[in-house]
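Worksheet for the structure shown next.
Protein chains get the first letters and strands the later ones, always in sequence-line order, with residue 1 at the start of each.
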Protein chains: 2
Amino acid sequence: MAAKRSKTGYVILGLLSEENLSGYEIKKIVDTRLSFFWSESFGQIYPELKRLAAEGLIAVCGDPVSMDSKSSTQSIKYRITGPGRLELAEWLKTPVEKESIRYELLLKLYFSNTDSSATMLQHIREFEINHRRQQLLFGKFEDQLKQNLDVHSNHSRILMVLSFGQKLWESYAEWCGETIALLEQDIAEQGTSSDE
Amino acid sequence: MAAKRSKTGYVILGLLSEENLSGYEIKKIVDTRLSFFWSESFGQIYPELKRLAAEGLIAVCGDPVSMDSKSSTQSIKYRITGPGRLELAEWLKTPVEKESIRYELLLKLYFSNTDSSATMLQHIREFEINHRRQQLLFGKFEDQLKQNLDVHSNHSRILMVLSFGQKLWESYAEWCGETIALLEQDIAEQGTSSDE
DNA sequence: AATTGCATGTAAGGGGTTACATGATTCT
DNA sequence: AGAATCATGTAACCCCTTACATGCAATT
């Protein structure tokens with residue numbers, strides 16, 4: 001248990017605990033499988049990979065056997081080490097820090113007034129579209145996961161995470177529907193007075 | 001419409017658009033009324049107040065009436081200016097940036113496996129407790145708001161924001177209940193089958 | 001008189017995004 | 001050959017939190 005490290009480090013350890021990956025692949029996975037509750041950028045991943053390697057928690061895959069399929073010569077694959085697994089396990093035990101969530105949409109809505117109904121309507125519609133896209137992905141992920149339950153040893157945990165996302169996104173959808181209706185009503189009532 | 005400023009600036013402008021406030025009061029309001037979807041720290045607020053004042057978007061309340069008495073010797077109240085209101089209105093129109101949400105709880109759950117069920121159970125119970133506390137506040141806020149509908153001109157908007165929070169927190173509660181049950185089941189099964 | 005709370009402020013540092021730079025590989 | 005994509009890496013910058021410092025006010 002080294003000094004407090006950034007969350008990025010644990011994401012890397014966590015993903016490497018399942019399979020050997022390159023920085024690029026890690027980024028891709030985060031952007032797809034974890035995207036609805038996490039994000040990382042290259043600017044964090046690559047330096048952190050070097051840091052973790054320097055600490056001996058991960059190591060470059062030197063084995064020529066893993067060069068099988070389509071892996072290219074320039075891609076640097078890492079594997080997790082014993083100390084790395086320990087570090088990951090240790091982190092899992094530490095209390096979860098309070099998440100600080102910031103919804104700019106709510107901020108705008110909070111400070112808006114009746115004469116900006118049209119604008120807010122537009123914002124919420126956009127919010128709805130973006131999130132509906134993600135909502136569709138949940139179904140796909142779930143199907144994929146249930147098809148090969150044996151690939152990931154922790155598939156039940158992943159299903160729990162997915163369930164969290166589904167519930168949240170359902171809330172989003174519900175709220176969007178209701179709020180859009182309210183705003184449209186606002187606009188209709190306002191129809192008599194001046195508007196842009 | 002000055003250069004792109006931090007969100008803090010708009011929070012300040014938004015709150016000042018309703019009433020004159022000091023930095024300390026702004027912090028208190030954010031920590032209560034906005035806390036479930038936003039946060040600010042003094043380190044952001046005070047410098048931003050000065051920046052906004054320098055740009056002429058807000059100004060120190062120089063009310064000579066309250067200066068003579070001892071009421072406001074140390075507290076510096078600000079008011080929004082005409083340009084400030086314009087800037088706020090301008091920002092309301094700009095598209096909402098994609099929120100980047102990070103749930104460390106989900107990260108841990110995602111990387112956990114069957115032999116850390118007890119730990120995860122603990123994490124989720126803590127999550128449940130923390131969020132149930134907030135959930136109780138929603139009711140209070142709603143009551144307060146409905147009692148004095150005339151105080152805030154934009155009470156309907158605030159109700160929309162509250163509704164968002166309520167739906168989200170209901171999802172949290174629901175998910176916690178289900179997931180805790182699953183984990184308890186895991187642990188029970190693991191207890192009977194001695195070891196692996 | 002001393003402690004606690006109110007209120008403003010600053011400095012350090014971390015965490016994270018963005019933009020840029022550089023090659024290699026693959027596709028057309 | 002040229003374009004697009006893959007892949008690694010770095011540097012600058014920004015936002016934000018934390019910790020600290022200060023002084024006034026009210027309380028005990």
**OP:** Apply the test salt bridge (Lys or Arg N to Asp or Glu O under 4.0 Å) to residues Arg33(B) and Glu25(B): give CA-CA distance (whole Å), side-chain angles for both, the deciding distance (0.1 Å), then the verdict.
**Re:** CA-CA 12 Å; Arg33(B) 301 216 302 258; Glu25(B) 289 171 316; over 6 Å; no
Can you measure [X] atom [atom1] to [N] atom [atom2] for me and round it to whole angstrom units?
X	N	atom1	atom2	result
Ile45(B)	dC16(D)	CD1	P	11 Å
Glu97(A)	dT17(D)	CD	P	13 Å
Glu48(B)	dC14(D)	CD	C1'	13 Å
Gln44(B)	dG14(C)	CD	P	18 Å
Glu104(B)	dG16(C)	CD	P	11 Å
Glu99(B)	dG16(C)	CD	P	17 Å

**OP:** Would you kindly compare Pro47(B) and Ser39(A) by the position of their nearest DNA chain C nucleotide and give the one closer to the 5′ end?
**Re:**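 So the residue in question is Pro47(B).
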Subject >> Phosphate-side-chain proximity, Ser6(A) and dG14(C), N/O vs OP1/OP2 below 4.0 Å >> reply: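 No, because none of the side-chain N or O atoms of Ser6(A) sits under 4.0 Å from OP1 or OP2 of dG14(C).
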Original post:
Does OP1 or OP2 of dG15(C) have a side-chain N or O of Arg102(B) closer than 4.0 Å?
Top reply: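 Looking at the OP1 and OP2 atoms of dG15(C), neither is under 4.0 Å from any side-chain N or O of Arg102(B).
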Original post:
Is it true that Glu142(A) and Lys146(A) have a side-chain N and a carboxylate O under 4.0 angstrom from each other?
Top reply: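 Salt bridge flag = yes for Lys146(A) with Glu142(A).
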Subject >> Sequence neighbours excluded - salt bridge (charged side-chain N to carboxylate O under 4.0 Å, His left out) pairs with any residue from residues 158-169 of chain B >> reply: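 Salt bridge (charged side-chain N to carboxylate O under 4.0 Å, His left out) check on residues 158-169 of chain B returns Glu174(A)-Lys167(B), Glu178(A)-Lys167(B).
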Original post:
Quick one: are the ring centres of Trp38(A) and Tyr103(B) less than 6.0 Å apart?
Top reply: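 Centroid distance Trp38(A)-Tyr103(B): not below 6.0 Å, so no.
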Original post:
Would a line drawn from the ring center of Tyr172(B) to the ring center of Phe164(A) be shorter than 6.0 Å?
Top reply: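 Yes, close enough.
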Subject >> Test side chain to side chain donor-acceptor pair (under 3.5 Å) applied to Thr94(B) and His123(A), Glu104(A), Lys108(A), the passing residue >> reply: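 Exactly one pass, corresponding to Lys108(A).
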Heteroatom pairs (N/O) under 3.5 angstrom, protein to nucleotides 4-9 of chain C:
| from | atom 1 | to | atom 2 | distance (Å) |
| --- | --- | --- | --- | --- |
| dT8(C) | OP1 | Ile76(B) | N | 2.9 |
| dT8(C) | OP2 | Tyr24(B) | N | 2.6 |
| dT8(C) | OP2 | Tyr46(B) | OH | 2.7 |
| dT8(C) | O5' | Tyr46(B) | OH | 3.3 |

